[in-house]
Amino acid sequence: MPVNGSAENPFALSPDDVARLEAIRAALLDPSPRRIGMLDQWGLADTYEVQAEVAEYREFPIAMADGTRIDAGLSMPRRLAPGQTCPAVVMPAPLNDLGRLAYFGTIPRWTLGGYAVLTYSQRGLARSEGEIQVAGPQDVADGVEILNWLTALEGVDADRIGCFGASYGAGTSLLLAAEDPRVKAVAGASAWGDLFTSLFENGTRHVRAFEALVALFHEERCSTEFRNVIAKIRDNVIDDEVKEFARLRSPMQHLKTYNERRLPILMTTYWHETIFSVPAVIDLFTQLQGPTSLLVQIGDHGNGELPGLFGAISKPTEMTYRWMDHHLGGSAGDGAKPHFGIRSEYMHNLLSDLSHRDWADYALPPQRFHLGAVPDGQQDAPMAQGQPQPGWTRSLQPAGQDTGIVVAPKLIQTGLKERAGLPHVYRTADIKRDVAAIWTTAPLEHPMRVQGDLEARLTVKPQTDNATFVAYLLDCNPRTGRAAIITHAPYTLTDQQATTVTFHLQPAHYVLGKGRQLQLVITGYDPFFADDSTIPAALEITSPQGNESYLDIPLAPLP
């Protein structure tokens, strides 16, 4: 979820966006003609005039058992008859300096749908007191106390409570729902499934995303426990304390509870998500046994839901309104039935909208492409179906700061450009061949689609005790040498011996034109990840007999 900040902050909202949210807050608290009239510059005056007519909004702190005051706001329907009750939606804040203000654009839709709306900022965030716990047990306990306060209000139906959140609020919502059975439905935009996997993929620390999140939390407001974990991750001390910290904050640990209660869960993520692990979200989704829905969109963390949070139309928020209406009995949505199963866009068609029953129905069967040796007189090797290709070795020299390829030049912002149809362009001629190994397919004879899970097998020998490498799959136009990224994955080795590793790249849904080529690029450095090489060192990739190197791609012609 984007937030207010400097130009260097990848999550930053524009000054106009911040001004709009502040003006909405002022109009909610004082629905006078002057305050509401100030919203006219954004075309919102009529919306919040109706909001004021049908609901009363107020703000207050809710005191926790330890005396910590949590900043909250409540919109409550005005015209409930005696004894009448309404459903309620609880929205823990995303991670930003504005806290719960980020949801103000959604309040009129919930209100007109007959809901009570409670927004709050988790402890330590925005105007709430206390120390930041990162969706830990204390945050969950706070959520239970907030539900106690809410359900004690006259007119709130304690049997029709839902939780919705974006990013930090999504994780908090999922964890609170596991703890408190009064939550009957959950929707999480830009959700996470397993926090450890998000921080430490294939043994590799996601340092750029991690530091961006730490900057948003503001270390001075973090608990001692979290500050200790921050220091350990920075020092590459991934011990039991770090693992337990992440486990307690992972919805995946509550899978049994979700399934026993058959809790309705809606989650959204992105093909090029750089903050939370997409495979972990899919893993959680595929194991849930209650009503479920998964939306996967073009772009990066928070890109798709932002317009909806501001009160416009977006798939994540429209799906959430339908989801809550179906399970709680409100009418915030458009009256259509909610989507169950998988809903997806494909790269880079923002207007695409595909549906599948489940992941098994969604993912295409893998096609194996064997990695070959570099032909004489050439610098790149072939990648082709057919027979395995043993007996070759590729050497990568120590990688510097510029290899010619990165996962994403900018967190969040690169994905936002993808949603606008402007994916980052990689010029394959600029990729430095001394620090990168490249394998390329023949030009495609037909338009094709990559759809589902990708798996690579490589035999790798580092020259030091620890070594990191990154694999990228590109869509290359051979006529121009321009390429776009399809997917990627890092991997860190901790043994100097040659090791055969099999690992997944992030899942993908990508359409390739006729004549395009798939390119697998492997380098020893990407600033997005921690470089855990003991010293800058060379890396050998081989393909021994019986353990030949390959890439499995879920590839098929366009229907």
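The residues of the chain are indexed from 1 along the displayed sequence.
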Which heavy-atom pair separates [X] from [Y] by the least distance, and what is that distance?
| X | Y | answer |
| --- | --- | --- |
| R249 | L175 | O-CD1, 3.8 Å |
| L505 | A489 | CA-CB, 3.6 Å |
| R262 | Q289 | NH1-O, 2.7 Å |
| L248 | P137 | CD1-CG, 4.3 Å |
| Y258 | L174 | OH-O, 2.7 Å |
| C476 | Q519 | CB-OE1, 3.7 Å |

Would you kindly say whether T172 and D139 are connected by a side-chain donor-acceptor distance under 3.5 Å?
-> no

Going by atom types only, do S277 and E201 share a side-chain donor-acceptor pair under 3.5 Å?
->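 Judged by distance alone, the side chains do not pair up.
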
Hey, does the side chain of [X] reach the backbone of [Y] with a donor-acceptor pair shorter than 3.5 angstrom?
| X | Y | result |
| --- | --- | --- |
| S198 | D194 | yes |
| R205 | I233 | yes |
| S549 | L371 | no |
| H272 | I486 | yes |
| R100 | M91 | no |
| Q451 | Y362 | yes |
| T269 | V278 | no |
| S128 | S121 | yes |
| Y115 | D325 | yes |
| N303 | G299 | no |

Steps toward side-chain hydrogen bond (donor to acceptor under 3.5 Å, both in side chains) verdict (T268, Q297) = CA-CA 8 Å; T268 78; Q297 293 184 273; 5.4 Å; no

Carefully, step by step, assess L255 and L288 under the rule side chain to side chain contact (heavy atoms under 4.5 Å, CB included).
-> CA-CA 7 Å; L255 182 63; L288 290 169; 3.8 Å; yes

Could you grab the distance from atom [atom1] of [X] to atom [atom2] of [Y], nearest 0.5 Å is fine?
| X | Y | atom1 | atom2 | answer |
| --- | --- | --- | --- | --- |
| M267 | F285 | CE | CZ | 7.0 Å |
| E211 | L216 | CD | CG | 11.5 Å |
| I553 | L473 | CD1 | CG | 5.0 Å |
| D142 | L147 | CG | CG | 11.0 Å |
| H339 | M319 | NE2 | CE | 6.0 Å |

Step by step, work out the side chain to side chain contact (heavy atoms under 4.5 Å, CB included) result for F196 and F245.
-> CA-CA 9 Å; F196 185 73; F245 181 90; over 6 Å; no

Would you mind checking if R109 and E318 are paired as a salt bridge, meaning a charged N to carboxylate O distance below 4.0 Å?
->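 A salt bridge is present here (some side-chain N lies under 4.0 Å from a carboxylate O).
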
Are R123 and E145 close enough for a salt bridge, meaning some N to O gap below 4.0 Å?
-> no

List the steps and the verdict of side chain to side chain contact (heavy atoms under 4.5 Å, CB included) for F469 and L458.
-> CA-CA 11 Å; F469 66 88; L458 302 168; 3.9 Å; yes

Around atom [atom1] of [X], are there more than 12 heavy atoms from other residues, nucleotides or ligands closer than 6.0 Å?
| X | atom1 | answer |
| --- | --- | --- |
| H446 | NE2 | no |
| D334 | CG | yes |
| K410 | NZ | no |

F276 pairs by ring-ring contact (aromatic ring centres under 6.0 Å, His included) with which of W192, Y270, Y168?
-> W192

Applying side-chain hydrogen bond (donor to acceptor under 3.5 Å, both in side chains), run through H356 and S344 and close with a yes or a no.
-> CA-CA 8 Å; H356 292 82; S344 67; 4.9 Å; no

Please work out whether the ring planes of Y103 and F164 are parallel, tilted or perpendicular, with thresholds of 30° and 60°.
-> tilted

With ring-ring contact (aromatic ring centres under 6.0 Å, His included) as the test, would you mind laying out the steps for Y472 and Y426 before giving the verdict?
-> CA-CA 11 Å; Y472 315 80; Y426 299 83; 7.5 Å; no

Validation row: L555, L512 side chains within 4.5 angstrom (heavy atoms) |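 Yes, at least one pair of side-chain atoms sits under 4.5 Å.
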
Counterpart residues, side-chain contact (heavy atoms from CB on, under 4.5 Å), relative to A158 (two or more places apart) | T151

Can you sort out the partners of L351 under side-chain contact (heavy atoms from CB on, under 4.5 Å), two or more places apart, ordered by chain and number?
->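 For L351, the residues satisfying side-chain contact (heavy atoms from CB on, under 4.5 Å) (neighbours in sequence not counted) are N349.
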
Would a line drawn from the ring center of H206 to the ring center of F200 be shorter than 6.0 Å?
-> no

Check the pair D552 / R457 against side chain to side chain contact (heavy atoms under 4.5 Å, CB included), numbers first and verdict last.
-> CA-CA 9 Å; D552 280 347; R457 182 172 74 182; over 6 Å; no

